[in-house]
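In listed order, ligands and their atoms are each counted from 1.
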Amino acid sequence: MAPRIRELPESVWARIAAGEVVERPASAVKEMVENALDAGAHRIRVRLWDGGRLRIVVEDDGCGIALDDLPLALTPHATSKIGGIEDLEAIRTLGYRGEALASLTAVATVEIRSRPEDGTDGTGGLIRASEGRVSEHTAVNCTAGTRVQVDELFGNLPARRKFLKSAAGELRRAALLMREYAICRPDVSFVLEHDGREVLSTDGGGDRRRAVERLWGPEPAVQTVRSEAGHLSLECWWQPRQGRNDIAAFVNGRAVADPVVKGAVSAAARELTGNWALLLSIDPSLVDVNIHPAKAEIRFRYPGEVFEVVREAAALLGGPAPVMVRDKFVIGRASCRERV
Ligand code: ADP
Ligand code: MG
């Protein structure tokens with residue numbers, strides 16, 4: 001006899017789906033930091049308690065959310081970032097799926113306080129929800145910008161909660177993500193605190209070298225190469241360190257875990273190990289970011305070209321001087337000379 005098929009109640013499917021977007025505290029932090037960046041924030045402060053397992057608070061000075069829109073912010077598939085299927089052809093924001101806050105609400109208690117900059121006399125809105133249900137929605141006095149608080153992540157999903165690492169392990173992952181975004185966006189001030197102690201901070205002054213040296217340390221000297229080819233441009237930063245490669249890759253301002261970029265670095269620089277940051281700008285219509293709910297994986301239209309540009313640039317670092325430069329690339333080496 002064939003087993004009968006039943007529809008799952010929303011309380012069950014919502015939690016199953018949420019698990020794809022939010023895997024652990026660091027992925028909740030990623031979604032909220034990306035929201036703050038999309039909101040045009042200049043300052044982003046993230047505070048974690050017990051590695052984010054007890055509480056995560058993300059505050060920004062971005063555009064805010066109107067009081068009436070707060071329930072929509074927590075509604076699945078509701079977003080201010082795209083309007084139709086054609087927008088998927090060229091995504092310019094970090095978010096677009098309208099799933100993150102709804103997912104967090106399914107697996108944690110979420111409170112948002114927000115006030116848009118314009119037109120209000122200090123009055124903003126508050127919304128509180130858990131298990132997918134809103135328990136409070138009211139006007140409150142608050143500063144301009146948005147504050148999102150997430151309590152007891154996976155408190156109602158023991159199967160996931162037991163796979164979380166220790167507080168130190170979860171903090172390490174969140175800190176790694178914050179360091180990546182701090183390098184990607186030197187124009188934004190990032191602060192991370194854990195159990196009341198500051199873990200990292202950047203000034204948001206806009207100088208990438210300063211941000212990189214603050215996060216990696218000034219010694220040994222950090223080197224950089226820029227290149228352009230066809231529809232993409234690349235900024236590559238490297239600090240030598242014995243033994244291990246830490247590669248951070250960004251495509252159009254999005255932190256990605258991309259095997260093409262990472263493979264190209266390894267191919268170029270087998271004996272050049274250390275800290276790497278690779279920042280690619282590429283025509284958004286040539287990248288598909290809609291591969292996975294967590295948006296860390298992307299697909300390039302021309303992966304071979306990306307591989308070549310990254311490999312060429314990475315190979316120039318660590319050498320005595322920039323050697324052969326193909327005509328199609330414009331490469332400058334900031335530490336000593338520029339070549340055009
Ligand atoms: P997405 O980012 O994919 O649109 P989210 O669930 O992350 O989906 O957020 C839903 C909506 O809530 C966003 O489209 C945005 O309008 C609003 N929002 C979320 N976080 C912020 C924030 N920090 N500042 C301003 N608006 C926000
Ligand atoms: Mg989002």
Report summary line: Numbered in order shown, the ligand 1 atoms found under 4.0 Å of a heavy atom of G95 are 2 (O), 3 (O)
Report summary line: If we number the atoms of ligand 1 from 1 as shown, the ones under 4.0 Å from a heavy atom of A73 are 10 (C), 12 (O)
**Report entry** Sidechain N-carboxylate O distance under 4.0 Å for E213, R209
**Finding:** yes
Query raised in the report: Short check: any N/O/S atom of Y96 below 2.8 Å from the Mg ion (ligand 2)?
Result: no
**Report entry** Salt-bridge contact R244-D246 (side-chain N to carboxylate O under 4.0 Å)
**Finding:** yes
Requested in this report: Report, in ascending order of atom number, the atoms of ligand 1 lying under 4.0 Å from any heavy atom of Y96.
Outcome: 1 (P), 3 (O)
**Report entry** Check ion pair E170-K165 (N to O, under 4.0 angstrom)
**Finding:** no
Query raised in the report: For ligand 1, does S80 get within less than 4.0 Å through its side chain, its backbone, both, or neither, judged by non-hydrogen atoms?
Result: both
Query - Short side-chain to backbone donor-acceptor contact, D61 and H42, under 3.5 Å - result: yes
Query raised in the report: So which heavy atom in the protein is nearest atom 1 (P) of ligand 1, and how far is it from that ligand atom?
Result: G98 N, 3.6 Å
Requested in this report: Flag the pair K81 and D38 as a salt bridge only when some basic side-chain nitrogen lies within less than 4.0 angstrom of an acidic carboxylate oxygen.
Outcome: yes
Report task. Taking only Lys NZ, Arg NE, NH1 and NH2, and the carboxylate oxygens of Asp or Glu, determine whether R208 and E235 approach each other closer than 4.0 Å. Result -> yes
Query raised in the report: Do R15 and E131 sit within salt-bridge range, that is, some charged N less than 4.0 Å from a carboxylate O?
Result: yes
Requested in this report: Could you establish whether G64 and ligand 1 come within less than 4.0 Å of each other, counting only heavy atoms on the residue side?
Outcome: yes
Query - side chain to side chain donor-acceptor pair (under 3.5 Å) partner of R128, the single match among H137, Q149, E111 - result: E111
Query raised in the report: Hey, are D187 and R185 close enough for a salt bridge, meaning a charged N less than 4.0 Å from a carboxylate O?
Result: yes
Query raised in the report: Counting heavy atoms only, which part of E99 comes closer than 4.0 Å to ligand 1: side chain, backbone, both or neither?
Result: backbone
**Report entry** Option nearest atom 23 (N) of ligand 1 (shortest heavy-atom distance, choices D60, N35, L104)
**Finding:** D60
Query raised in the report: Does L101, backbone or side chain, put an N or O under 3.5 Å from an N or O of ligand 1?
Result: yes
Query raised in the report: Could an N or O of ligand 1 be found under 3.5 Å from any N or O of T79, whether backbone or side chain?
Result: yes
Report task. Using distance alone, determine whether I65 and ligand 1 share an N or O pair under 3.5 Å. Result -> no
Query - Of the listed options K81, R147, R97, closest to atom 13 (C) of ligand 1 (non-hydrogen atoms) - result: K81
Query - Those atoms of ligand 1 less than 4.0 Å from some heavy atom in A39 - result: 24 (N), 25 (C)
